[in-house]
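Report on one structure; see the data block that follows.
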There are 2 protein chains.
Amino acid sequence: MFTILKKIENLTVTIVGLGVIGAAFAQSFKEMGIKTVYGIDIDEETIKKAEEKNMINKGFLETREPLEKSDFVVITLYPNLMKSFFVNNINYFKENAIITDVVGIKEKIIKDIDPIIEKSGRNIDFIFGHPMAGREKRGIDFADNRVFKDANYIIIKDEKNKKENLELLSEIVKRMGFKKVSFLTAQEHDEIIAFTSQLTHAIAVSLVNSDSEKYDTNRFIGDSYRDLTRIAKINEDLWAELFMGNKKNLLKMIQQFERELDVIKDALNNNDLGTLKEKFIISTKRREKID
Amino acid sequence: MFTILKKIENLTVTIVGLGVIGAAFAQSFKEMGIKTVYGIDIDEETIKKAEEKNMINKGFLETREPLEKSDFVVITLYPNLMKSFFVNNINYFKENAIITDVVGIKEKIIKDIDPIIEKSGRNIDFIFGHPMAGREKRGIDFADNRVFKDANYIIIKDEKNKKENLELLSEIVKRMGFKKVSFLTAQEHDEIIAFTSQLTHAIAVSLVNSDSEKYDTNRFIGDSYRDLTRIAKINEDLWAELFMGNKKNLLKMIQQFERELDVIKDALNNNDLGTLKEKFIISTKRREKID
């Protein structure tokens, strides 16, 4: 334990993208005692803020210098920026660097990135990951690493990854506050995430947008409507990409959901109180198992 | 203002049903200085608890004595118990008593209750109401009047009700912590509530029940799934009644919601990123207007 702690503290780390998630990673890295945390961003104001708030030791517009020095790199870019970032920076990574990402869909991103690494012949270890914690708001001003507390983390298991690096990432993630770290294949990840994350966003957006606005809705809501629509405040660029990049799974999950909604509709149409109660009892039991 | 305060404090009040909502009403009534708060319940244990916790001055299994003394009666029974309660107790109410309820659907309940009052010839003023605050859990042990803080309250406007009584109820409700008090017809109430309350519960239940349970879901959720499913823990008896008692409106709202979900499905199938973004921008703007 002592050795892994020492190892973590002595890592030179770079975070690519100091947005709401990237900056929260930076906060956590500083808090766990990592001595050298660099940040890369395209916005000078953001870099200045990150330095002033002591989230990073030094920020860079230019990528080469921090990447060449870093043992561990976290890329928090939008999914559609990942490929070009890799094409342009593949030769800058330090030999044996561990790299990870935070993209919410995995099959597509891995298909984009893996061939670039292979073709380059570079000896780097990319461990794909997904922290299941986020905020509706964008940008460094809203970064708050408390969102990581007790959250779930998924690491994509790939036999190419070195065992000790997987262990190191797990350890770092747990020190960030994440409670459960799971290992899945990319295909498994995308299937379960289509259900727990993308379907929920599709529902919240559709719920809000189905408001006829005949009444001043705000006067007639309780916590249920507030809870179900909180995530309808959504980063449209990011989520349009996530939806489209996982559309097969998402369409399947929407269909499964609609089938359950049909059961309720049928019960209503048939005055079938028994089926309604049965469905409510099942949902209650299932929800009680959720933290 | 002084007179209405004095008037409220000097009311003799009875709460019928000391469950999670009824007992929270009792807490609020004591807190606002009402000197005499009685409670009626079918469960002696509950009455004992309410007395011990000083939520009420005195509890009763038997209905006649407290009702005969009370200027103001709040009935917090399940919708399907309202009618028989009224048939059995209509003659016990004090002359000019103000009565209110908390049932989540209104057209049906009013159609049940109003003829009983009319037929009885009794001079009482029933003001139908709906506090939009609740808890998933049942019973006095979970009563907590903090749920009323900043919540919405709907009062059904009916020309039969006396103006000063409507004002008194509004004043009491605001002193309980409710922020916005709105006046609607029963038909308006049931339409908007089908959207903000019953549709949300239908969605949450269907979402949880559509889980294929192929994975250990708990390991792969973020706050979005937690938020969208919180109300899937549901009182099956109460909500089956509420759904069925407002089925026409609820079916309409489900249909409107499904139409919006269809737009997302079509966009996915047609690789139409533009429509997805457009829908996300609309939902974001709408959600920003919600408290």
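In what follows, chains carry the letters A, B, and so on, assigned in the order in which the sequence lines appear, proteins first and then strands, with residues in each chain numbered from 1.
With a 4.5 angstrom heavy-atom cutoff, B:V181 touches chain A only via backbone atoms. Neither the backbone nor the side chain of A:T275 has a heavy atom closer than 4.5 Å to any heavy atom of chain B. Interface remark: B:I231 contributes side-chain atoms only to the contact with chain A (heavy atom separation under 4.5 Å). Contact of A:I154 with chain B is made through the side chain alone, with heavy-atom distances under 4.5 Å. Only the side chain of B:H201 comes within contact range of chain A, with at least one heavy atom under 4.5 Å from a heavy atom of that chain. For A:A202, the parts sitting under 4.5 Å from any heavy atom of chain B are the backbone and the side chain alike.
Chain A forms the most heavy-atom pairs under 4.5 Å with one residue out of B:Q256, B:K180, B:R219, and that residue is B:R219. Chain A forms more heavy-atom pairs under 4.5 Å with one residue of B:L228, B:D237, B:T217, B:L273 than with any other, namely B:L228. Residue with the most contacts toward chain A among B:L184, B:V147, B:T200: B:T200 (heavy-atom pairs, distance under 4.5 Å). Among B:V205, B:V263, B:D216, B:L250, the residue with the largest count of heavy-atom pairs under 4.5 Å with chain A is B:V205. Looking only at heavy-atom pairs under 4.5 Å with chain A, the residue among B:D223, B:N235, B:N269, B:D272 that has the most is B:N269. Put simply, of A:T196, A:I282, A:I290, the one with the most heavy-atom pairs under 4.5 Å next to chain B is A:T196. Per-residue counts of heavy-atom pairs under 4.5 Å with chain B were compared for A:E191, A:K285, A:Q255; the largest is that of A:E191. For chain B, the option among A:I203, A:L199, A:I281, A:D262 with the highest count of heavy-atom pairs below 4.5 Å is A:I203.
Ion pair B:R286/A:E213 flagged as a salt bridge, since at least one NZ, NE, NH1 or NH2 atom sits closer than 4.0 Å to an Asp/Glu carboxylate oxygen. The pair A:E236-B:K279 does not meet the salt-bridge criterion, since no charged nitrogen lies less than 4.0 angstrom from a carboxylate oxygen. The pair A:E188-B:K214 fails the salt-bridge criterion, with no side-chain N (NZ, NE, NH1 or NH2) lying under 4.0 Å from an Asp/Glu carboxylate O. For the pair B:E241 and A:K277, the salt-bridge criterion is not met [side-chain N within less than 4.0 Å of a carboxylate O].
No more than 12 heavy-atom neighbours from other residues, nucleotides or ligands sit within 6.0 angstrom of CZ on A:R146. By the neighbour-count criterion of 12 heavy atoms within 6.0 Å, atom NZ of B:K83 is sparsely surrounded, having that number or fewer from other residues, nucleotides or ligands.
The two residues B:S197 and A:S224 have their closest heavy-atom pair at CA-OG, 4.2 Å. The nearest pair of heavy atoms linking A:I221 to B:M132 is C-CE, 3.8 Å.
Using a 4.5 Å cut-off on side-chain heavy atoms (C-beta onward), A:W239 and B:L276 make no contact. Two residues are said to be in side-chain contact when any heavy atoms from C-beta on lie closer than 4.5 Å; A:E258 and B:L261 meet this criterion. Counting heavy atoms from C-beta on, the side chains of B:M244 and A:L268 come closer than 4.5 Å. At least one side-chain heavy atom of A:S283 sits less than 4.5 Å from a side-chain heavy atom of B:I234.
Under a 3.5 Å cut-off, the side chain of A:R287 and the backbone N or O of B:V208 do not form any donor-acceptor pair. With B:E260 contributing its side chain and A:S210 its backbone, the two residues share no donor-acceptor pair below 3.5 Å. Counting only distance, with no hydrogens or angles, the side chain of B:N152 and the backbone of A:G222 share no donor-acceptor pair below 3.5 Å.
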- Query: Going through the distances and angles, do A:Y225 and B:F195 end up as a ring pair (Phe, Tyr, Trp, His ring centres under 6.0 Å)?
  - Reply: CA-CA 9 Å; A:Y225 191 80; B:F195 176 67; 5.4 Å; yes

- Message: Walk me through whether A:N271 and B:K247 qualify under side chain to side chain donor-acceptor pair (under 3.5 Å).
- Response: CA-CA 9 Å; A:N271 292 315; B:K247 76 177 201 178; 2.9 Å; yes

- Report the C-alpha separation of B:F257 and A:L207 in whole Å, then their side-chain angles, then the decisive distance to 0.1 Å, and conclude whether the side-chain contact (heavy atoms from CB on, under 4.5 Å) test is met. CA-CA 6 Å; B:F257 166 73; A:L207 174 57; 4.2 Å; yes

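Considering CD of A:E278 and CG of B:N209, their distance stands at 9.5 Å, rounded to 0.5 Å. Between atom CD1 of residue B:I264 and atom CD1 of residue A:I254 there is a gap of 6.5 Å, rounded to the nearest 0.5 Å.
Of the residues B:R230, B:K233, B:R226, the one that meets the salt bridge (charged side-chain N to carboxylate O under 4.0 Å, His left out) test with A:D227 is B:R230.
Taking the six-membered ring for Trp and the full ring otherwise, the centers of B:F243 and A:F280 sit less than 6.0 Å from each other.
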